[in-house]
Amino acid sequence: MRTIIKNGLVVDPLAGNVAPKDILVVGGKIAEMGANLPLGGARVIDAAGCLVTPGLIDMHVHLREPGFEHKETIYTGSLAAARGGFTAVACMPNTNPVIDNAALVRSIIASAQEAGLVHVYPIGAISRGSRGEVLAEMGDMAAAGAVAFSDDGMPVADAALMRRAMQYAGMLDKPIISHSEEKSLSAGGSMHEGPISTMLGLQGIPASAEEVMGARDIILAEETGCPTHIAHVSTAGSVRLLREAKARGVQVTAEATPHHFTLTHEAAIGYDTATKVNPPLRTADDRAAIRQGLADGTIDVIATDHAPHTAEEKDVEYEKAPFGLVGLETAVGLVWTELVHTGLLTPLQAVTCLTRNPARILGIPKGTLAPGADADITIIDPELEEVVDPAKFVSKSRNTPFAGRRLKGLPRLTMVGGRVVMER
Ligand code: DOR
């Protein structure tokens, strides 16, 4: 089967350029790239006016399987990824049971293959049951295919345990992903601590809850040499810590989510529980610092923290609602609307944050369009507009704070291994 993607502007983060090129796909691989490739009987995909990019990678999603299939499954999460333009996701281990052993890692990979839509890379737990007491079987999980380790959702409170985890992860050449949260500062909070939380009568989560733990994990990363990735950065202080650490040469990387670079704590006025997320939406200054961090490369990755919850679970008092919002199906639209069309990031920078950087951090052979690579390709139409309608989501959950928002710049086609898994 030969397919040719014609007339598009190819964004190649590895070569660092954007150029009009055709891409010939044969047998699931990129066979050739160049100007005006002959059709030779191939099926043609017309990408005129569009960007052709390596398949997008979301390195932070919650697929909820096993244990919480009422929120999402590997299949529905894969559908949502494909609809959002993602060809690969890395899934967090806070399932039930927690993904803390090789058998579970293998079962996630098998279920994802059965779903047959996008690549799913499991992230193994740092500690058994993510209880923060003893280390999980990290070596076994790495051998079974875990790409990183994290107790995401549950911070690792014990510094000695985190230090030991980094020593092991470093030997396994896998990153630790830090959910930086000091529980003694955040416990009981529902939103960012500030004037809005006071006005709403909600207990707050101070910026220091993230920064204290981020600082600890940067110190441990520096000491152990373990590649350490700070998840969902939400505060200006965290961006500053990262900038300083990177300048010193610490092996630290970081991600920001579309909700943190788009919204502020003011979104919680009205008590919409879709705005309740951990870490919380912060101030306009924090949001500006995150945007600046993305622009200057302090923050390497855009990841969604796709965290599905059902309407029943979210339709309760703000304090009682679970943290999290779905992100896979709105991410590209938010990146283009908020960051690219505003001139903050070039298309090449945005695509790098969504492809090459997560691939590099996770050590997966993705994020490039070179001949010989798997034909994982996303076509983005920067001019395509749509109003977010959660009823159209293919995720099992609809907990988005972006309903009704007009987005410009959307994925038009998602190809995984030469097969089209989504076309708008
Ligand atoms: O908002 C969040 N939801 N933050 C997390 O760290 C975990 C996630 C979840 O699993 O729902």
Side-chain angles (χ1 to χ4, degrees), residues 58-74 76-77 80 89-100 108 122-123 125-127 129-130 132 148-157 176-183 185-192 202 205 209-210 213-214 217 229-235 238 254-263 265 267-268 272-282 303-314 316 318-328 330-331 395-402:
D58 187 348
M59 67 175 286
H60 190 146
V61 306
H62 297 271
L63 297 182
R64 306 301 193 205
E65 197 180 327
F68 304 108
E69 288 87 348
H70 58 291
K71 299 174 195 266
E72 194 80 288
T73 64
I74 290 173
T76 59
V89 298
C91 62
M92 285 296 175
N94 61 338
T95 49
N96 186 17
V98 167
I99 304 167
D100 64 0
I108 301 291
I123 296 167
I126 289 173
S127 66
S130 284
F149 297 100
S150 183
D151 275 355
D152 184 65
M154 292 294 297
V156 179
I176 288 283
I177 301 176
S178 163
H179 170 111
S180 306
E181 178 183 352
E182 171 51 55
K183 279 273 190 195
L185 292 168
S186 64
S190 296
M191 65 173 294
H192 175 66
L202 293 170
I205 300 173
E210 173 172 313
M213 209 55 131
D217 288 348
H229 180 78
I230 308 292
H232 41 51
V233 169
S234 75
T235 77
S238 295
E255 74 196 23
T257 70
H259 47 277
H260 288 114
F261 68 61
T262 302
L263 300 173
H265 57 163
D272 176 4
T273 57
T275 65
K276 182 172 174 182
V277 61
N278 188 20
L281 304 170
R282 303 283 189 183
T304 66
D305 194 4
H306 179 80
H309 296 292
T310 63
E312 293 73 25
E313 291 163 325
K314 278 287 197 179
V316 293
Y318 205 90
E319 292 100 320
K320 291 189 183 145
F323 290 100
L325 54 93
V326 289
L328 282 166
T330 48
S395 164
K396 252 194 192 183
S397 293
R398 312 265 143 101
N399 49 312
T400 176
F402 297 113

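As the structure is a computational prediction, the values presented were derived from the model and not from experiment. Order of listing sets the numbers, starting from 1, for every ligand and every atom in it.
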Those residues at least two apart in sequence (or on a different chain) that pass side chain to side chain donor-acceptor pair (under 3.5 Å) with H229 are T253, E255
Counting C-beta onward and ignoring hydrogens, is there a side-chain heavy-atom pair between L325 and P401 closer than 4.5 Å? yes
Tell me which residues fall inside the under-4.0 Å heavy-atom shell around ligand 1. H62, R64, N94, D152, G153, H179, H232, V277, N278, D305, A307, H309, F323, G324
Any donor-acceptor pair under 3.5 Å from E72 side chain to H70 backbone: no
Partner residues of H259 under the ring-ring contact (aromatic ring centres under 6.0 Å, His included) criterion, sequence neighbours left out: none
For a 4.5 angstrom cut-off between non-hydrogen side-chain atoms, does I177 reach M92? yes
By ring-ring contact (aromatic ring centres under 6.0 Å, His included), H260 pairs with (sequence neighbours left out) none
